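Lettering of chains follows the sequences in order, A, B, ..., and the numbering in each one begins at 1. Predicted model only: the values in this text are computed from it and were never measured.
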Protein chains: 2
Amino acid sequence: MRDIVRIGRQHLATDGAAALSLRAIARDLGLVSSAVYRYVGSRDELLTLLVIDGYDELGDAVDEALGSVAAANHAGRLRAIGRAVRTWALAEPATYALLFGSPVPGYQAPAERTTGPGTRVIRRLVQVWEDAWLAGATSHDGGPVSPRRLSRDLARIRREQGITAPDELIARGVLVWAALFGCISFEVFGQYGADTITQPQDLFEHQLTVLVETVGLTR
Amino acid sequence: MRDIVRIGRQHLATDGAAALSLRAIARDLGLVSSAVYRYVGSRDELLTLLVIDGYDELGDAVDEALGSVAAANHAGRLRAIGRAVRTWALAEPATYALLFGSPVPGYQAPAERTTGPGTRVIRRLVQVWEDAWLAGATSHDGGPVSPRRLSRDLARIRREQGITAPDELIARGVLVWAALFGCISFEVFGQYGADTITQPQDLFEHQLTVLVETVGLTR
DNA sequence: TGCATAAGAGAGCGGTGCTCTTGCTTTTGA
DNA sequence: TCAAAAGCAAGAGCACCGCTCTCTTATGCA
C-alpha cells in the first residue's frame, strides 16, 4: 500500500500525471495489474492519494521555512513562504503540476479529502496579512472596497478565516497569492523563454520584493 | 484535415487535452483510425496544431480588445488585455489549460512553430510598458536593478524586444504578466474555493487595478 | 482441525496510439 | 488515350491502458 504510493510518486516525477499507469506500478512491484486494485480501487483514487501527499509535503516545506523567521518579521515570512513554495515546486515539478496545473481530465479531487491539506499555504499567507494588520505593519488600513459584491465576498473570507484585516488588504493578499503561484508556474512550466531569463532565482527575489510592497508590508 | 482540427477542438473542449484520442476523432469523422494518420502524423502533432490554433485565437481576442482603446490610455490597454485573456480563458478552459497549464506528459511543443503565436500577448504587454515609458506615464524610471545578473537578463529582453524601458519597469512588467495569468489560472482551474469567491469578475477588476499600480502606470 | 479471510494470479473486455499492407480511385503526363 | 503515379481509405495487428471477474494459495484464528 505504502509501496504503491511510493512507486506512484516516482512515476509521477519521471513521467507526469496523465502517464500514471497502475499496470506499470504493478510491474515495478512485481505484481500483476489486478493485484493492486485490492489496495487502490482506481487510478483516480491513486491520484487523490498523490494529491494529498503533495499538499502535505508542500505544507511541511512551508512550515519548516517559517520556523526560522521571527513572527514579527512579516515581510520575511512572506518571502520565506514564497521561497519554500518555489524550491519545492522546482524539486517536484510533476507533483506541483498535479496540484496547481491543468486539472487531470476526467478527474475531480474529492473536496472532503483534499481541502484540508490543500489550504495550508494560503492559510499561512492569510496569517501573515492578519499579523501585520494587528501589528500596524501594513499600509493598507482603509475601509470597504468597491463594489459592494466584492466586499461581501471579502467579508465571508474574513469570517471563515477568523481574521479582522480590512477589505483592501485581503483583496491584495489574494492577488499576491495568485501572483506568487503565477510566477512559480511560469518558471516551472517553462513559460519564460529559457534563453531570456537565465537567472530565475534573481528574478524571483525581485518579484518577492514587489509582492511585499503590493500587500503593503512595512516590516 | 481542417475537419480533424475542428473535431479535435471539440473533443479538447469537452474532454480535455490528455483525453484527446485520434480514434475518437476518426469515429466522429466516419473514418477508420488509421486514415487520420495520413493527415496528422501523430497525436502530438495534433496537439501542436491545437496549441497554435489556441495561441492564434487568444492573440486575435487580445488584438480585437485593444482595437477600441486609445493608444495613449496605457492603463486602459493593460486592463483590456487582461479582460480579453480572462474572457477567452473562461470560454475555452481546455485550450487555456493546454497553453498555460501543466505540460502534457511526453509532449514538448516544437518551439519553432509555437513561439511566434505564443508570444503575441506578452509582446502586446511589453508594448504597453514601452509606450508608457516613452510618454512619461509610468512612475518607474530608475536605473539598473540589482543584482547585476538580473540586470543583464533584463538588458537582453530590452535588446530582443527593441525597447528602451528601464530595468525596474521591465521586471515589474514580467511580474504583472505572470500575476495576470496566475489570477486567471486560479479562477479557471478552480483554486479559489467556489463558495468563497462568488463574484470573480469583481475580484478580477480589483486585481487589474492593483496590477496597473504595480507597473506604475499613471494614465 | 476447520474455516474465514487476505493476497495474489490469470483471463478477458473494450479502449488507446501507431504501423504495415492491401486495394480502390483520382490525377497526371507522355 | 491509356498506363503510371499519387492520394486515400480500410483492415489487421502489436503493445499498452483501466478495470472486472473468477480461481487458487497462504495465513491466522477459534
Side-chain angles (χ1 to χ4, degrees), chain A residues 1-54 94-95 97-98 101-110 113-114, chain B residues 1-54 94-95 97-98 101-110 113-114:
Chain A
M1 177 60 201
R2 231 33 223 166
D3 289 343
I4 294 177
V5 175
R6 202 191 70 238
I7 305 283
R9 290 202 48 173
Q10 291 177 12
H11 285 209
L12 186 65
T14 56
D15 303 320
L20 197 87
S21 151
L22 280 183
R23 287 184 116 107
I25 293 174
R27 267 196 305 274
D28 277 19
L29 269 98
L31 290 181
V32 84
S33 74
S34 62
V36 309
Y37 279 86
R38 195 166 292 276
Y39 302 93
V40 193
S42 76
R43 196 190 98 116
D44 283 5
E45 189 180 323
L46 177 59
L47 277 178
T48 299
L49 292 175
L50 293 172
V51 164
I52 296 173
D53 210 59
T95 307
L98 180 62
S102 339
V104 179
Y107 168 71
Q108 180 65 27
R113 297 172 63 188
T114 57
Chain B
M1 175 62 201
R2 232 32 224 165
D3 289 343
I4 294 177
V5 175
R6 201 192 69 239
I7 306 283
R9 289 202 48 173
Q10 291 177 12
H11 285 209
L12 185 65
T14 56
D15 304 318
L20 198 88
S21 150
L22 280 183
R23 286 183 118 108
I25 292 174
R27 267 196 304 274
D28 277 18
L29 276 141
L31 290 180
V32 83
S33 75
S34 61
V36 308
Y37 279 88
R38 190 167 298 275
Y39 302 93
V40 193
S42 76
R43 197 189 96 115
D44 283 5
E45 189 179 323
L46 177 59
L47 277 177
T48 298
L49 293 175
L50 293 172
V51 164
I52 296 173
D53 210 58
T95 307
L98 180 61
S102 340
V104 180
Y107 168 71
Q108 179 66 24
R113 298 172 63 187
T114 57

Problem set entry | Results of salt bridge (Lys or Arg N to Asp or Glu O under 4.0 Å) for A:Arg38 - residues two or more places apart only |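 Result, salt bridge (Lys or Arg N to Asp or Glu O under 4.0 Å) vs A:Arg38: none returned.
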Exercise. What pair of heavy atoms forms the shortest contact from B:Val36 to B:Ala26, and how long is it?
Worked result: CG1-CB, 3.7 Å
For this session: Indicate, with a heavy-atom threshold strictly under 4.0 Å, whether A:Leu29 touches base, sugar-phosphate, or nothing.
Result: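 Contact class for A:Leu29: none.
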Exercise. Contact class for B:Leu20 vs. all strands (heavy atom < 4.0 Å): base, sugar-phosphate, or nothing?
Worked result: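 The answer is sugar-phosphate, as B:Leu20 gets under 4.0 Å only of primed atoms, P, OP1 or OP2.
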What N/O pairs connect the protein and nucleotides 12-16 of chain D at under 3.5 Å? Give each pair on its own line.
none

Distance, rounded to the nearest Å, where [X] contributes [atom1] and [N] contributes [atom2]:
| X | N | atom1 | atom2 | result |
| --- | --- | --- | --- | --- |
| B:Tyr39 | D:dG7 | OH | C1' | 8 Å |
| A:Glu45 | D:dG18 | CD | P | 14 Å |
| A:Ile25 | D:dG18 | CD1 | P | 8 Å |
| B:Leu31 | D:dG11 | CG | P | 12 Å |

How far does [atom1] of [X] sit from [atom2] of [Y], to the nearest 0.5 angstrom?
| X | Y | atom1 | atom2 | result |
| --- | --- | --- | --- | --- |
| A:Thr114 | A:Leu47 | OG1 | CG | 12.0 Å |
| B:Arg43 | B:Thr48 | CZ | OG1 | 11.0 Å |
| B:Tyr37 | B:Leu31 | OH | CG | 13.0 Å |

Seminar exercise, completed: Base-pair string, DNA chain D, Watson-Crick plus G-U, cut-off 3.5 Å on both distances, | for inter-strand, is ||||||||||||||||||||||||||||||
Exercise. Of all nucleotides in DNA chain C with an atom under 4.0 Å from a non-hydrogen atom of chain A, which is the first and which the last going 5' to 3'?
Worked result: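 That gives a stretch of C:dA7 to C:dG12.
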Student check: side-chain heavy atoms of [X] and [Y] closer than 4.5 Å:
| X | Y | result |
| --- | --- | --- |
| B:Leu46 | B:Ile25 | yes |
| A:Leu49 | A:Arg9 | no |
| A:Leu20 | A:Asp15 | no |

Exercise. In terms of the nearest nucleotide of DNA chain C, which residue is placed more toward the 5' end: B:Ser42 or B:Arg38?
Worked result: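 Final value for this comparison: B:Ser42.
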Seminar exercise, completed: Here the salt bridge (charged side-chain N to carboxylate O under 4.0 Å, His left out) pairs for residues 17-34 of chain A, sequence neighbours left out, are none
Problem set entry | Counterpart residues, side-chain contact (heavy atoms from CB on, under 4.5 Å), relative to B:Ala94 (two or more places apart) |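 side-chain contact (heavy atoms from CB on, under 4.5 Å) check on B:Ala94 returns B:Leu12.
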For this session: Check the pair A:Thr95 / A:Leu50 against side-chain contact (heavy atoms from CB on, under 4.5 Å), numbers first and verdict last.
Result: CA-CA 8 Å; A:Thr95 307; A:Leu50 293 172; over 6 Å; no
